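Numbers here are sequence positions counted from 1. When a ligand or atom number is given, it counts from 1 through the structure's own listing order. Computed from a predicted structure; not experimentally measured.
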Amino acid sequence: MILRLAVPGDAALLARWDEKSHVKWCTGHDPDQLLPEDEREDWAGQIARDVDWLDILIGEAGGRAIGVVQIIDPHMEESHYWGDCAPNQRAIDIWIGEEADLGRGHGTQMMKLAIARCFAGPAVTNILIDPLVINTAAIRFYRRLGFVDVGERRFGEDDCLVMALPRAVWQP
Ligand SMILES: CC(C)(COP(=O)(O)OP(=O)(O)OC[C@H]1O[C@@H](n2cnc3c(N)ncnc32)[C@H](O)[C@@H]1OP(=O)(O)O)[C@@H](O)C(=O)NCCC(=O)NCCS
């Protein structure tokens with residue numbers, strides 16, 4: 001497994017994955033309905049951006065794209081999704097694209113690479129994630145990787161569990 005930066009040619013694949021039921025479900029969307037037009041990600045635009053606070057990474061195994069990891073700096077991110085946030089942290093989003101690739105260890109490998117990438121910056125003290133409270137499988141997955149519960153928090157219409165991996169807890 002490698003993580004590589006997304007390129008313009010990945011935009012169509014990312015848009016296709018966004019319509020997968022398991023992806024829509026984990027972001028609080030109706031898994032059985034097409035995403036509302038105004039909530040479709042402009043992947044081509046996002047990939048083309050050159051900002052310090054966002055990395056869009058593709059997990060690739062055997063030369064095949066398996067999933068995506070987004071790493072943001074929640075202090076710098078433009079929408080201030082995380083609200084007032086101390087500097088020197090990172091927040092991660094991850095999803096596997098194809099149903100057949102779920103539950104095969106790819107996500108664990110991608111997260112380990114993503115975590116190492118975050119902490120490669122010596123100033124980074126903490127990594128945040130915010131699974132839906134109902135996403136118990138993902139919560140178990142993150143706990144296995146060392147994340148600890150911070151507490152429940154409502155983001156927009158989503159009830160989430162904020163979890164954190166402080167550098168001191170991380171075991172490379
Ligand atoms: C969460 C996710 C990235 C984990 O990657 P993965 O490759 O499936 O996970 P691994 O094979 O490395 O580890 C398996 C664990 O992942 C978790 N998991 C979460 N969603 C899962 C799913 N839909 N299918 C299988 N396992 C899942 C389980 O905890 C499982 O362990 P278990 O034996 O306790 O059930 C991936 O399952 C996924 O994309 N799920 C849907 C989207 C999502 O929920 N993303 C997280 C949003 S916060």
Proximal ligand 1 atoms for [X], defined as those under 4.0 Å from one of its heavy atoms:
X    : value
R144 : 15 (C), 31 (O), 32 (P), 33 (O), 34 (O)
R104 : 11 (O)
W95  : 39 (O)
G105 : 10 (P), 11 (O), 12 (O)
T108 : 10 (P), 12 (O), 13 (O)
A138 : 19 (C)

- Task: Go through the steps for W43 and D18 under the test side-chain contact (heavy atoms from CB on, under 4.5 Å), then give the verdict.
- Result: CA-CA 10 Å; W43 284 112; D18 281 349; 2.7 Å; yes
Are any of the side-chain nitrogens in [X] or [Y] under 4.0 Å away from the carboxylate oxygens of its partner?
X   : Y   : result
D10 : R4  : yes
R64 : E98 : no
K24 : D32 : no

- Item | Donor-acceptor under 3.5 Å (R153 side chain, D130 main chain) |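 Such a contact is absent between R153 side chain and D130 backbone.
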In the protein, what heavy atom is nearest to [atom], and what distance, to one decimal place, separates them?
atom                    : answer
atom 41 (C) of ligand 1 : H22 CD2, 3.8 Å
atom 45 (N) of ligand 1 : I94 O, 3.1 Å
atom 39 (O) of ligand 1 : I96 N, 2.8 Å
atom 35 (O) of ligand 1 : R140 NH2, 2.8 Å
atom 18 (N) of ligand 1 : A137 CB, 3.8 Å
atom 1 (C) of ligand 1  : F141 CD2, 4.1 Å
atom 42 (C) of ligand 1 : C26 SG, 3.5 Å
atom 48 (S) of ligand 1 : Y142 OH, 3.3 Å

Could you name the option among [options] that has the heavy atom nearest to [atom]?
atom                    : options         : result
atom 24 (N) of ligand 1 : I92, D130, L102 : L102
atom 44 (O) of ligand 1 : D93, I129, N135 : N135
atom 26 (N) of ligand 1 : G107, G103, G97 : G103

- Task: Show your working on side-chain contact (heavy atoms from CB on, under 4.5 Å) between L14 and I47 and close with a plain yes or no.
- Result: CA-CA 11 Å; L14 290 171; I47 291 167; 4.0 Å; yes
- How does P131 reach ligand 1, by side chain, by backbone, by both or by neither, if only non-hydrogen atoms under 4.0 Å count?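 Contact part for P131 vs ligand 1: both backbone and side chain.
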For [X] versus [Y], what's the shortest heavy-atom pair and its separation?
X    : Y    : result
P166 : V148 : CD-CG2, 4.5 Å
A11  : A44  : CB-N, 3.7 Å
I96  : V23  : O-CG2, 3.9 Å

- Message: Can you tell me if D50 has over 12 outside heavy atoms packed within less than 6.0 Å of its CG?
- Response: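 No, the 6.0 Å shell around CG holds no more than 12 heavy atoms from other groups.
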- Look at the rings of Y81 and F155 and say which category their plane angle falls in: under 30° parallel, 30 to 60° tilted, over 60° perpendicular.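 Because their plane-to-plane angle is under 30°, the rings of Y81 and F155 count as parallel.
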